[in-house]
Amino acid sequence: MPNKIMINLDKAIYTEGEYVKIKLDYETLTPKQAMHLVIFDPSEREAFSEDQYLNAQKGSYSNVLRFDTKHWKTPGRYKVAAWDQEGTRKEVFFQFKTKSA
């Protein structure tokens, strides 16, 4: 059975100043490995990245980010990607709008 990764966002469209809630659920055959979480802006540049070390075979990880920094100035479609050391990968997308748009 391969590893499983699920990424959940609290909504599909965000506006500048809002918070995005990211929840990552995983099932892995080999605990004690790293899970990589990266958010790419519409031009595929890395806007945020974080590594989470897993110490259980099944669990979840959550993070809350606020869209108020220089990283969140480009409106458009963002990609949230997560993958583990064994190559299991999951991607989801959301739209980001600036207040002036």
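The first residue of the sequence shown is numbered 1, and numbering continues consecutively from there.
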Do you know the tightest heavy-atom contact between [X] and [Y]?
{"X": "E44", "Y": "F40", "result": "O-CD2, 3.5 Å"}
{"X": "P75", "Y": "P42", "result": "O-CG, 3.6 Å"}
{"X": "F94", "Y": "Y14", "result": "CD1-CD1, 3.7 Å"}
{"X": "I7", "Y": "V80", "result": "CD1-O, 3.9 Å"}

Side chains of [X] and [Y]: does their closest heavy-atom pair fall under 4.5 Å?
{"X": "V38", "Y": "W83", "answer": "yes"}
{"X": "M35", "Y": "T28", "answer": "no"}
{"X": "T15", "Y": "K99", "answer": "yes"}

Can you give the donor-acceptor pairs under 3.5 Å from side chains of residues 52-60 to other protein atoms, not counting sequence neighbours?
from : atom 1 : to  : atom 2 : distance (Å)
Q57  : NE2    : L29 : O      : 3.2

Response to the item:
Residues passing the salt bridge (charged side-chain N to carboxylate O under 4.0 Å, His left out) test with R77, sequence neighbours excluded, are none
Practice prompt. To the nearest 0.5 angstrom, please state how far the OG1 atom of T88 sits from the OH atom of Y26.
Written response: 13.5 Å
Worksheet item: Under 4.5 Å between side-chain heavy atoms, hopping through other hydrophobics if needed: is there a path connecting Y78 to L9?
Response: yes
Worksheet item: Do the side chain of D10 and the main chain of K21 share a donor and acceptor less than 3.5 angstrom apart?
Response: yes
